[in-house]
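Computed over heavy atoms, backbone and side chain alike; hydrogens, waters and symmetry mates excluded. Chain A is the first sequence line, chain B the second, and so forth, proteins listed ahead of strands; every chain is numbered from 1.
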There are 2 protein chains.
Amino acid sequence: MYEKILQKVGLKITNPRLEILKLLHQQGSHHWSAEIAHQYLVDLGVDVGIATVYRVFTQFEMLGLVKRHSFEGDRSVFELNDLEHHDHLVCVECGLVEEFVDPLIEERQLAMAQKFQFAMTDHRLVIYGVCAPCRKS
Amino acid sequence: MYEKILQKVGLKITNPRLEILKLLHQQGSHHWSAEIAHQYLVDLGVDVGIATVYRVFTQFEMLGLVKRHSFEGDRSVFELNDLEHHDHLVCVECGLVEEFVDPLIEERQLAMAQKFQFAMTDHRLVIYGVCAPCRKS
DNA sequence: CTTAATGCAAACCGTTTGCATAGAT
DNA sequence: ATCTATGCAAACGGTTTGCATTAAG
């Protein structure tokens with residue numbers, strides 16, 4: 001399955017790339033910094049260097065497999081590019097990331113780009129706040 | 001005038017702080033990276049180090065005088081915090097930054113935060129694209 | 001006179017790169 | 001057999017910090 005993905009985009013099938021693909025497809029945490037991903041793999045017993053993690057993420061990004069996000073003041077995080085664009089809610093306390101889509105916002109963004117005569121290539125909306133669990137504690 | 005601002009927030013009146021306030025209040029370019037701001041001041045003949053530029057921007061940020069933005073893949077930029085929140089259009093070719101506000105987007109963002117039970121503390125919307133002048137050349 | 005602010009250079013940290021080796025086709 | 005991918009360590013670039021000096025109140 002992951003082999004297919006690599007073949008399709010023309011990358012050689014190597015263990016680091018397979019492991020990173022697997023990690024990205026996990027449910028639960030969809031957003032991985034290079035460091036967290038590296039630690040996760042090392043804990044799994046995968047012999048991989050942080051440099052390779054960066055290289056693979058960067059390749060995947062260039063091939064459109066993942067998206068890179070630089071949330072304010074934080075290291076970069078990578079997530080699977082699911083093609084359907086979505087925006088993010090980030091908890092400033094615990095780092096929890098939620099995703100959402102709002103058609104109205106999407107529409108208005110396009111309108112704004114047109115108003116300023118920008119040919120829109122991408123857009124990023126991040127709402128920062130404190131999630132419910134963090135507010136309770 | 002700038003002295004007043006510093007006094008009001010409880011900072012000593014020093015030349016670097018005055019010069020940086022002046023620079024931030026200029027019309028035209030509203031978004032300054034530390035490096036650009038430093039170069040600008042040095043060219044003006046102001047004797048200031050890059051470390052001080054960072055320190056002043058950071059202080060101003062903590063006091064609510066400026067906002068820091070980390071546009072994707074770029075160094076941080078600082079702008080006057082005009083209290084009326086606004087969003088950004090960034091040209092991926094030349095770096096031009098335009099500002100806009102869309103009440104509908106603001107409203108929907110609040111709705112999204114509520115939907116996920118986040119106590120919103122901030123939000124950043126950046127539209128990346130190619131500006132009209134860049135498209136022509 | 002006292003304490004904060006500054007410039008300089010060194011440290012820092014996330015990320016990238018050079019290079020020799022291991023591995024995929 | 002060829003050429004790419006990898007691990008390691010060193011380099012990099014933006015940002016921060018330690019420290020001795022200067023300046024504000």
Student: For the pair made of CG in A/Leu11 and P in D/dC3, what is the distance, rounded to whole Å?
Tutor: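 Distance, rounded to whole Å: 18 Å.
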Student: Where is the tightest heavy-atom contact between B/Cys91 and B/Cys131, given as atom of each residue plus distance?
Tutor: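 The answer is SG-N, 3.5 Å.
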Student: What pair of heavy atoms forms the shortest contact from B/Ile127 to A/Ala113, and how long is it?
Tutor: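 Looks like CG2-CB, 4.3 Å.
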Student: Are A/Leu96 and A/Val92 co-members of a hydrophobic cluster defined by side-chain heavy atoms under 4.5 Å apart?
Tutor: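 No, A/Val92 does not connect to A/Leu96 through the hydrophobic network.
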Student: Nearest whole Å is fine: how far is D/dA24 P from B/Leu18 CG?
Tutor: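 Rounded to whole Å, this separation is 10 Å.
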Student: Summarise protein proximity over nucleotides 6-14 of chain C in one line of letters, 5' to 3': B for base, S for sugar-phosphate only, - for none, counting protein heavy atoms closer than 4.0 Å.
Tutor: BBBB----S
Student: Roughly, in whole Å, what's the span from CZ in B/Phe57 to P in D/dT15?
Tutor: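 Value for this atom pair: 11 Å.
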Student: Please list, one pair per line, the donor and acceptor atoms closer than 3.5 Å that link side chains of residues 55-66 of chain B to other protein atoms, with sequence neighbours excluded.
Tutor:
| residue | atom | partner | partner atom | Å |
| --- | --- | --- | --- | --- |
| B/Thr58 | OG1 | B/Tyr54 | O | 2.7 |
| B/Gln59 | OE1 | B/Arg17 | NH1 | 2.9 |
| B/Glu61 | OE1 | B/Arg68 | NE | 3.4 |

Student: Please set out all donor-acceptor pairs under 3.5 angstrom arising from side-chain atoms of residues 41-52 of chain A, sequence neighbours excluded.
Tutor:
| residue | atom | partner | partner atom | Å |
| --- | --- | --- | --- | --- |
| A/Asp43 | OD1 | A/Gln39 | NE2 | 3.0 |

Student: Do B/Arg124 and A/Asp87 meet the salt-bridge criterion of a basic N to acidic O distance under 4.0 Å?
Tutor: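 Looking at A/Asp87 and B/Arg124, the cut-off is not met.
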Student: Using whole Å, report how far CD of A/Glu61 lies from C1' of C/dT15.
Tutor: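 In whole Å, C/dT15 C1' lies 13 Å from A/Glu61 CD.
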Student: If you pin B/Phe78 and A/Lys12 to their nearest nucleotides in DNA chain D, which one's is more 5'?
Tutor: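 Between the two, 5'-proximity favours A/Lys12.
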Student: How close or far is atom P of D/dT15 from atom CD of A/Glu72, stated in whole angstroms?
Tutor: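 In whole Å, D/dT15 P and A/Glu72 CD are 12 Å from each other.
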Student: Rounded to whole Å, how long is the line connecting atom NE2 of B/His38 with atom P of D/dG13?
Tutor: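 Computing the B/His38:NE2 to D/dG13:P distance gives 18 Å.
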